[in-house]
Amino acid sequence: MRYIGNKRKLIPFIRQGLEELGISGTTACDPFAGTASVARFLKTRGFSVATSDIMAFSYALQWAYVVVDRPPRFHGLHDHIALDSDPLAAAIHHLNCLEPRSDFIFEHFCPDGQAGSEHERRYFTPENAGRIDAVRAQIHDWYLDGYLTDDEHFVLLAALIEAADRVANTTGVYAAYVKSWQPNALKPLRLRPPRLVTGTGLECRAHQLDAAKLVAALGPFDLLYLDPPYNTRQYAGYYHIPEIIAEGWFEEPPRLRGKTGLPENGDKRSNWSRRRHCEQAFEDLVNTAQPRHILMSYNSEGIISEECIERVLRERGVPGSYRRLEQSYKRYRSDRDSKTRRYKSDQVTEILYYVRVA
Ligand SMILES: C[S@@+](CC[C@H](N)C(=O)[O-])C[C@H]1O[C@@H](n2cnc3c(N)ncnc32)[C@H](O)[C@@H]1O
């Protein structure tokens, strides 16, 4: 999924960091999990991972990519769809063949919808908006009728969230749509089976909690991997559509406002994206956690100062164990330079900070 701070392309750097720093163990916590790319990787390295994020769509991705440990069998769907030797592929195929219907996403996030028409929210073509509605409703109905296990439910939801993102008419974030249709938006919505990590026997847990709350509740564990927001852009405002798809609209449809259709009561603002609060939040979290190792991803343009990171980690860690590794990479551009934001260069330095605690 296109996501600010997605570490998918930096996994080799994180792997190198784990090896160079001699980080081993069996339990890890990734409390800013986002797309779950790092937590998924840690699971492949043999860690039982506890993940969290404030966003509901992240919770679905965490569950699919980290909690699920057995290939879903979809036994409950036996009487409803033809399940062959690959039940996940069969379930996905069924969802891909549904007729579009006009429901919440169609009404609010495509130009043909009545509710969004005042602003002509061009996030999806009418065809794709209708397909998202049809797939979301089918997943909801199956789950409500008891045909899906939790694992199966979140695997299908993750597949839908990612498929919708591939055809979203945006430059990567949902804070704005593009006025003309982008080539990706004109492609038909197609769900793909998520790349699950199964058969490990590891017990992993997903949460939708504030990072500090999860860490405080955990007790001792081996590795705390921190990847907090780098800037003042609130994720809740940048990814409200995946959030609506994850939460659904079936009991109480969210009330939306403005040009982009932000939910009225969807305030999930984070102190980690506020200049005046992020350093305190960081210090509190590091001092509450009880890991043996702390590894933190951050970049050279982050709002927590390097002096603060170094001081807090050195104070918390074993003397002499503090380390800093860095790697340059090409910037993820979710939007262009503007009057208010001018990128310094196309290269950003990604940093891994490390300290051993025990
Ligand atoms: C840099 S991103 C993490 C990216 C992730 N490592 C990945 O590879 O996709 C930061 C994440 O922190 C989450 N976040 C922000 N404030 C939070 C909080 N107080 N508690 C938990 N998660 C939070 C955001 O929703 C976002 O997903």
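Position 1 is the first residue of the sequence, and the numbers go up from there. It should be emphasised that the depicted structure is a prediction, and the values quoted were computed from it without experimental measurement. Atoms within each ligand, like the ligands themselves, are counted from 1 in listed order.
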Under a 4.0 Å heavy-atom limit, does [X] contact ligand 1 with its side chain, its backbone, both, or neither?
{"X": "Ala212", "answer": "neither"}
{"X": "Ser52", "answer": "neither"}
{"X": "Leu209", "answer": "backbone"}
{"X": "Lys7", "answer": "both"}

Which atoms from ligand 1 have a heavy atom of [X] less than 4.0 Å away?
{"X": "Pro31", "answer": "21 (C), 22 (N)"}
{"X": "Asp227", "answer": "1 (C), 2 (S), 3 (C), 4 (C), 5 (C), 6 (N), 10 (C)"}
{"X": "Gly34", "answer": "9 (O), 27 (O)"}
{"X": "Met55", "answer": "25 (O)"}
{"X": "Ser270", "answer": "15 (C), 16 (N), 17 (C), 19 (N)"}
{"X": "Thr35", "answer": "7 (C), 8 (O), 9 (O)"}

Tell me whether the rings of Tyr239 and Tyr235 are parallel (<30°), tilted (30 to 60°) or perpendicular (>60°).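 Taking Tyr235 first and then Tyr239, their aromatic rings lie parallel (interplane angle under 30°).
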
Run the salt-bridge test on Asp133 and Arg101 with the 4.0 Å N-O cut-off and return the result as yes or no.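 No.
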
Less than 4.0 Å between a side-chain N and a carboxylate O, is that true for Glu162 and Arg166?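 Not counted as a salt bridge, because no side-chain N and carboxylate O are separated by less than 4.0 Å.
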
Contact with ligand 1 for Ser58, non-hydrogen, under 4.0 angstrom: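 Per 4.0 Å heavy-atom rule, Ser58 does not contact ligand 1.
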
Tell me, please: is Ala33 in heavy-atom contact with ligand 1, that is, under 4.0 Å?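 Yes; Ala33 lies near enough to ligand 1 that a heavy-atom distance drops under 4.0 Å.
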
Mind checking ring-ring contact (aromatic ring centres under 6.0 Å, His included) for Tyr177 and listing every partner two or more places apart, or none if nothing turns up?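 Counting only residues at least two positions away or on another chain, Tyr177 forms a ring-ring contact (aromatic ring centres under 6.0 Å, His included) with Tyr123.
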
Which residues share a ring-ring contact (aromatic ring centres under 6.0 Å, His included) with Tyr225, sequence neighbours left out: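 Here no residue qualifies.
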
Of all the non-hydrogen atoms in the protein, which one sits nearest to [atom], and at what distance?
{"atom": "atom 19 (N) of ligand 1", "result": "Asp210 OD2, 3.1 Å"}
{"atom": "atom 2 (S) of ligand 1", "result": "Tyr235 OH, 3.3 Å"}
{"atom": "atom 20 (N) of ligand 1", "result": "Ala211 N, 2.8 Å"}
{"atom": "atom 18 (C) of ligand 1", "result": "Ile54 CG2, 3.8 Å"}
{"atom": "atom 13 (C) of ligand 1", "result": "Asp53 OD2, 3.2 Å"}

Same apolar cluster (I L V M F W Y, side chains within < 4.5 Å links), [X]/[Y]:
{"X": "Ile304", "Y": "Leu325", "result": "no"}
{"X": "Leu352", "Y": "Leu285", "result": "no"}
{"X": "Leu218", "Y": "Leu295", "result": "no"}

Checking the side chain of Arg40 only, and the main-chain atoms of Tyr65 only, is there a donor and an acceptor separated by less than 3.5 Å?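 No, the answer is negative, given that no donor and acceptor are paired below the 3.5 Å cut-off.
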
Is the ring centre of Trp142 less than 6.0 Å from the ring centre of His94?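 Yes, they do, as the ring centres are separated by less than 6.0 Å.
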
Compute the ring centroids of Tyr3 and Phe57, then answer whether they are less than 6.0 Å apart.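 Yes, the ring centres sit under 6.0 Å apart.
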
Evaluate Ser37 for polar contact with ligand 1, using N/O atom pairs at a separation under 3.5 Å.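 Yes, since at least one N or O of Ser37 sits under 3.5 Å from an N or O of ligand 1.
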
For Asp30 and Thr51, does a side-chain donor sit closer than 3.5 Å to a side-chain acceptor?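 No - no donor-acceptor pair under 3.5 Å links their side chains.
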
Out of Tyr3, Trp272, Phe32, who is nearest to atom 26 (C) of ligand 1 when you count heavy atoms only?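 Among Tyr3, Trp272, Phe32, the closest heavy atom to atom 26 (C) of ligand 1 comes from Tyr3.
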
